[in-house]
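Residue numbering restarts at 1 for every chain, and letters A, B, ... go by the order of the sequence lines.
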2 protein chains.
Amino acid sequence: METIQDEKLEALKGHRLLGVLSENARQTLLKDSLELEMPSGTTLFRQGESARFLHVVLEGRVALIGSSDHKDETVVEFFREGDVFIMPAVVLEMPYLMSARTVDDSRILLIPATPFREEVESNAALNLAVTHELSRHWRLLIRQVKDLKLRSAPQRLGSYLLSLADTDQQSGVVELPEQRGMLARRLGMTPENLSRAFNRLQDSGVRSRGRQVMLDDIPALREFCAYDELV
Amino acid sequence: METIQDEKLEALKGHRLLGVLSENARQTLLKDSLELEMPSGTTLFRQGESARFLHVVLEGRVALIGSSDHKDETVVEFFREGDVFIMPAVVLEMPYLMSARTVDDSRILLIPATPFREEVESNAALNLAVTHELSRHWRLLIRQVKDLKLRSAPQRLGSYLLSLADTDQQSGVVELPEQRGMLARRLGMTPENLSRAFNRLQDSGVRSRGRQVMLDDIPALREFCAYDELV
DNA sequence: CGGCTTATTGACATACGTCAACTATTGTGG
DNA sequence: CCACAATAGTTGACGTATGTCAATAAGCCG
């Protein structure tokens with residue numbers, strides 16, 4: 001836990017959100033920010049806590065985890081390097097709806113909620129960037145809801161694989177960015193069922209070895225998944 | 001199809017989003033807006049079309065409908081009087097991810113996308129209101145994703161009923177705002193399964209006659225649903 | 001009142017979850 | 001670098017929730 005360094009500040013210049021700030025504003029905003037370096041599996045905050053920090057993934061990977069009765073858990077979404085998460089809770093000063101846990105060794109930037117909120121309120125450029133970011137996030141979730149309601153487990157897996165691939169090609173290789181168990185929960189199924197989903201996709205030219213997944217017939221896979229081009 | 005009248009403009013003064021505009025700005029923005037009055041079942045736009053209008057429900061009720069292969073359809077969300085929908089597509093100038101259909105006789109205000117976007121970019125108060133609205137919408141969807149991934153069909157129905165009720169009370173009566181078939185799709189199940197979900201909830205004190213639903217034991221229902229207070 | 005739509009019920013099919021055993025992979029200390 | 005433990009993933013057997021189809025019943029509207 002340390003205050004953010006100048007050189008690291010530099011790297012944020014090109015950031016979707018923080019990059020729109022002036023050098024000065026960025027410095028002021030980040031003055032009280034923290035940078036945490038933590039191993040895979042660390043819990044950053046828990047569902048129900050009040051939103052004290054806006055989080056930015058500097059390195060690594062984070063899962064947002066929803067739980068109902070303290071027993072069942074699911075992964076709502078992953079965020080990776082450069083992604084900002086939990087902004088709606090920060091903007092609305094509401095408690096987190098989910099917990100967050102690193103799924104890789106990660107560096108996370110924590111920006112205190114209040115100064116961030118104040119900056120959004122007074123800085124039009126930042127506010128506009130926030131609007132765009134929130135809009136993108138909304139559309140990601142919409143796709144997920146449609147996925148859950150309209151597609152079977154193997155189709156959800158196939159769509160996910162396609163989202164990692166260059167779908168203009170006939171074939172390709174993708175690398176799973178997360179462990180299968182986590183991926184299963186993100187896709188709304190059990191690890192066992194994820195295995196079976198991989199098996200079912202063999203007919204559509206999907207082979208996997210470790211984290212490498214070979215897509216030998218992308219058109220067939222798209223057909224099978226009723227894959228939806230809209231982004 | 002007619003240009004919006006002055007008296008109707010008046011009613012928007014108290015609106016979450018449009019109410020933050022100055023009289024002048026509101027007039028300018030709404031000058032080219034349209035007000036449609038249409039029966040239940042009208043399609044407002046289709047998934048994949050480019051976003052030409054921001055939509056505001058003045059009266060009635062609208063369903064956002066997601067479809068995959070032109071055969072299967074689901075309801076992603078309902079919007080009611082006062083709600084604004086499809087803002088992310090408008091802000092990002094992206095195609096709609098869903099279709100929209102009235103589920104009641106409705107009056108809808110259509111605000112042309114480009115002037116709205118320009119107003120957001122130049123008007124800090126509006127932009128801030130947009131940020132709040134997007135944040136609220138995000139959190140609604142998060143709750144839905146958690147629902148779909150963590151709860152059974154009867155639990156989802158129960159949670160939905162609780163969201164309509166005053167949960168501080170011991171019991172209450174709620175009115176279903178939509179037809180059961182539509183509600184079933186919103187909750188991610190078939191109409192047949194919705195019927196069965198109602199039956200299963202009888203043990204938790206739920207009786208329904210027509211659109212009236214009596215909740216006789218709200219604490220028991222909350223317990224059964226693992227209902228989540230976070231809003 | 002009759003005809004149309006919507007909701008319910010029953011019988012059945014299927015997808016998915018669960019549990020347990022087994023296998024593969026990863027990480028660690030000798 | 002190996003051996004072994006710990007963890008993660010797979011497979012099979014089985015149970016359950018939910019979807020499907022068809023028949024019936026209930027609302028709704030002219």
Problem set entry | Side-chain N or O of B:Arg180 closer than 4.0 Å to phosphate OP1/OP2 of C:dT8 | yes
Exercise. According to a strict under-4.0 Å criterion, is A:Arg211 in side-chain N/O contact with OP1 or OP2 of C:dT25?
Worked result: no
Exercise. Between atom CZ in A:Arg151 and atom C1' in D:dT18, what is the gap in whole Å?
Worked result: 20 Å
Exercise. Quick one: does B:Arg196 reach the base of D:dT20 with a side-chain donor-acceptor pair under 3.5 Å?
Worked result: yes
For this session: Would you mind reading off the distance between A:Phe198 atom CZ and C:dT23 atom P, rounded to a whole angstrom?
Result: 22 Å
Problem set entry | Pairwise 5' ranking along DNA chain C for A:Gly210 and A:Pro154, keeping only the more 5' one | A:Pro154
Seminar exercise, completed: NZ of B:Lys146 to CG of A:Asp72, rounded to nearest 0.5 Å, is 12.0 Å
Exercise. Quick one: is B:Thr190 getting a side-chain N or O under 4.0 Å of the D:dG19 phosphate, OP1 or OP2?
Worked result: yes
Exercise. So, A:His55 versus A:Phe45, ring centres under 6.0 angstrom or not?
Worked result: yes
Problem set entry | Between P of D:dT18 and CG of B:Asp147, the distance in whole Å | 12 Å
Exercise. Atom CG of B:Asn193 and atom P of D:dT20: how far apart are they, to the nearest Å?
Worked result: 10 Å
For this session: Check whether NZ of the Lys or CZ of the Arg A:Arg46 lies under 6.0 Å from the centre of the six-membered ring of A:Tyr96 and within 45 degrees of that ring's axis.
Result: no
Exercise. Distance under 6.0 Å and angle within 45° of the ring axis: does A:Arg151 meet both against A:Tyr227?
Worked result: no
Problem set entry | Cationic tip of B:Arg186 above B:Phe78 ring, under 6.0 Å, 45° of axis | no
Seminar exercise, completed: The nucleotide from C:dT8, D:dT10, D:dT18 with an atom nearest the side chain of A:Ser195 is D:dT10
Exercise. For the pair made of CZ in A:Arg207 and P in D:dT10, what is the distance, rounded to whole Å?
Worked result: 16 Å
Exercise. If you check every side-chain atom of B:Gln179, which of C:dT9, C:dC16, C:dT6 has the closest atom?
Worked result: C:dT6
For this session: Could you tell me whether the phosphate oxygens of C:dT9, OP1 or OP2, come under 4.0 Å of any side-chain nitrogen or oxygen in B:Asn199?
Result: yes
Exercise. Looking for any heavy atom pair under 4.0 Å, which part of the strands does B:Gly188 touch: base, sugar-phosphate only, or nothing?
Worked result: sugar-phosphate
Problem set entry | Atom-pair distance (CG on A:Leu187; C1' on C:dC16), nearest Å | 14 Å
Exercise. Quick one: A:Lys149 NZ to D:dT18 P, roughly how many Å, whole number?
Worked result: 15 Å
For this session: Examine the base of D:dC21 for any acceptor or donor lying under 3.5 Å from a partner atom in the side chain of B:Glu192, and report the outcome as yes or no.
Result: yes
Exercise. Starting at CG of B:Leu148 and ending at C1' of D:dA17, how long is that distance when rounded to a whole Å?
Worked result: 15 Å
